[in-house]
There are 2 protein chains.
Amino acid sequence: MAFQCVQNACLIGHRSSKMGKCMAERKLKNMEEFAAASGISRPTVSKYFNDPASVRKTTRQRIEKALEEFDYRPNIFAMNQNRKLTKNVGIVVPYLADPFFTEIARRMERCCLEAGFRPTLYSSHGQQHLENEILDSLRSLKPAGVLLAPLGRASDKRVIEKFCEDVPTVLFDSNIDGIGEAFVGSDNFSFVSQTVDYLTRTGESPCFFEMSTPANPNANKRRTAYLQTMERFGLEPHVVKVDGEGWAFEQIGRDGALRMLKAGGFPTSTVLCSNDRLAIGLLSACYDHGLRVGRGEGCALRVASHDDHPFSQFTCPSLTTAAHDYDSVSSHAFKTLNTLIEAGGRFDQREETLFAAHLVLRSSA
Amino acid sequence: MAFQCVQNACLIGHRSSKMGKCMAERKLKNMEEFAAASGISRPTVSKYFNDPASVRKTTRQRIEKALEEFDYRPNIFAMNQNRKLTKNVGIVVPYLADPFFTEIARRMERCCLEAGFRPTLYSSHGQQHLENEILDSLRSLKPAGVLLAPLGRASDKRVIEKFCEDVPTVLFDSNIDGIGEAFVGSDNFSFVSQTVDYLTRTGESPCFFEMSTPANPNANKRRTAYLQTMERFGLEPHVVKVDGEGWAFEQIGRDGALRMLKAGGFPTSTVLCSNDRLAIGLLSACYDHGLRVGRGEGCALRVASHDDHPFSQFTCPSLTTAAHDYDSVSSHAFKTLNTLIEAGGRFDQREETLFAAHLVLRSSA
DNA sequence: ATATAAATTTATCGCGCGTAAAGTTTTTTG
DNA sequence: CAAAAAACTTTACGCGCGATAAATTTATAT
């Protein structure tokens, strides 16, 4: 109790000392008051907050001067209540604990903020019911648009389709044919052809290491690309599938690789992993098994992969991988959404944009 | 154009086929209509949505029956406009690309949802101006409460203090003395004393590896704990500081370790890292330098650390570390916030709760 | 300068719900 | 069973802003 008094006294002290600095900064409680204080009518002020470029330059300057002078921010709930289109944007990723999605989401967030939108980030945590709930709850936010990376195999496609009918949505990372007005992602063929090509030029061509029931359609595209590329080269493909469900890819990769190694090893001396997280698990298995990975003399296995996961430069050895064009994917996804919003939520034709990978050579292959 | 037509036709087909399944599910546009449909007055319905337990059981059942029968959800903007206390909860972390925070945030999110709150996740991305903007924008959401892990050293403490005066806030992970009504975190002394004790019992006692200007006060507490524990054992401490600013801990750890190794190595054959992310960088440096890490015969260095970062079981070798009690920290932080909200936003005395670590023995030490 | 277009003001309504007061019904208590 | 308490209904108002129409001012073009 005594403590509390001292604290309050202290805080009051702070407050009054701050008052001195910002005498002019009166708190205005609504737009009416702010309009009066700035000498502009309320509807015009309202128009300004909706879109600053929609008012005359001199008016804009007067409002912005008042904005510096007074402490006023429009009530966000009242704003969105009657507005046909809010400035809210939802960003939904399937699994935020994967730093790949964190990176993409961060960039998208930035794009939104710079364009004057209010982004909100959601993660489905790998679970269908959460994805559905997120979309449901997103709907009630009346968002101007949504950037959605679906779970993939685990998604309830009917729910997503219905959502995309109601809310302007750009899919990214994981495509669902025909759903959403646009898709922005990476060109899986470009990933795989580059890694297979490189590995084949510099040593034995790779087997393909993947989950037997991948979470995500990209995995299927990558396997197909592997098979095609090997065929083009006139080489015999080997696909190694490991068991495991869900999004704990490292664990699945590790467990699967350990089983392989105990059962006699991989069919080839080069392994191409479907994605970096599987590769991280595989590398950890190799390490524990005493198998030296890399392209040097003492190395028994080469390992390469796809994604350029933020941690892949710190694996042992560092991971040779095909990198997403993070910046292009995120900024183009946002641009597409912005265009879609301005076009009223519909495109004449569904847009699909894929960005090529670039090979990142490190030590593992 | 032709494509668009075909698509629309298809979608219309879907819609009408669905209609058959849910004839009864009429869309009600506001609470007035829903109240009429459920046979309860609107103020009572409003009370129900505010707190289902606040209405009589029979009334609750009638409302919930209607809720199943009709498609109605209260308008979230109108709801929050006049409500003194919303059900919004902000969760703010300093750096979401760190899976440690992703894990904590996910658990907190779950707690919030289960208790009927609407959590929203924000990341400061390591930048002060973003942290400030988040708090500013959070303020206008009139949240019932906020779970805040501040940046630490980079935080503008005045801004955070002011925020905590206005909004019921529980700090977590990173404490700021006297700010916020409560803090929930881990007991850094428990982390370090356990690792130092273990390492000392099983081999040479460790030097302490850390950043020279840590992002976060926990680092300082851990250094102090290291020094105290070594002194208690009557051993000479060695603190190794590496340069680097910001949140790219792995890179900083790696670069620092490489410099150390080239300059002749570490002062002891055992290294205790301030946190797992630094250790991940250090392990990668050791690997590249050809230094075998672990507690076996052929090993030149033992490495241990703190946090039990989600990736620390996949490092090479897997990392011996002191683990946060993720579940306890997140659930207790939420419980504290809930209590705080119910207490009207103030505690008589600031609460500080620290959870002990538990040692996770893996291969690196 | 005059005509025309563009921007702003004035006035007024409505959004969907929270909230409060007063009256009515239902439940609980002794 | 009556009295008190609790829950509900009715009525009414207000929140802060979006949207619109008509009147007025200001800018642009001829």
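Since this is a predicted model, take the numbers as computed values, not measurements. Below, chain A is the first sequence line, B the second, and so on; all start at residue 1. Note that these values count all heavy atoms, side chains included, but never hydrogens, waters or copies made by symmetry.
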Looking only at D/dG16, C/dT19, C/dG16, the nucleotide nearest the B/N75 side chain is C/dG16
Donor-acceptor side-chain pairing of A/E64 and A/Y48 below 3.5 angstrom: yes
Heavy atoms under 4.0 Å, any strand shown: does A/F34 hit a base, just sugar-phosphate, or nothing? nothing
Atom NZ of B/K47 and atom P of D/dT10: how far apart are they, to the nearest Å? 16 Å
Can you confirm whether B/R107 is buried at CZ, in the sense that more than 12 heavy atoms of other residues, nucleotides or ligands lie under 6.0 Å from that atom? yes
Of the listed nucleotides D/dA19, C/dT19, C/dT9, the one nearest the side chain of A/N50: D/dA19
In whole angstroms, how far is the P atom of C/dC17 from the CG atom of B/N82? 12 Å
From the options B/R346, B/Q349, B/R350, select the one residue that forms a side-chain hydrogen bond (donor to acceptor under 3.5 Å, both in side chains) with B/E181. B/R346
Nearest-Å distance, CD1 (A/I76) to P (D/dG16)? 15 Å
B/I40 has an atom CD1; how far is it from atom C1' of D/dT10, in whole Å? 14 Å
B/R56 side chain N/O closer than 4.0 Å to the phosphate oxygens (OP1, OP2) of D/dA7? no
Separation of atom CZ in B/F49 from atom P in C/dG16, rounded to whole Å: 15 Å
Using a cut-off of 6.0 Å, state whether more than 12 heavy atoms not belonging to B/K157 lie near its atom NZ. yes
Can a side chain N or O of A/T59 be found less than 4.0 Å away from OP1 or OP2 on C/dT8? yes
In whole Å, what is the span from the CG atom of A/L85 to the C1' atom of D/dC17? 16 Å
By nearest-heavy-atom nucleotide on DNA chain D, the more 5' of A/Y72 and A/P43 is A/Y72
Counting heavy atoms from C-beta on, name the nucleotide in C/dC17, C/dT10, D/dG16 closest to the side chain of B/Q81. D/dG16
Starting from P on C/dC13, measure out to CZ on A/R42 and report it in whole angstrom. 14 Å
Report yes if a side-chain nitrogen or oxygen of B/T44 is closer than 4.0 Å to either non-bridging phosphate oxygen (OP1 or OP2) of D/dT9; otherwise report no. yes
How long is the line joining NZ of B/K57 and P of D/dA6, in whole Å? 19 Å
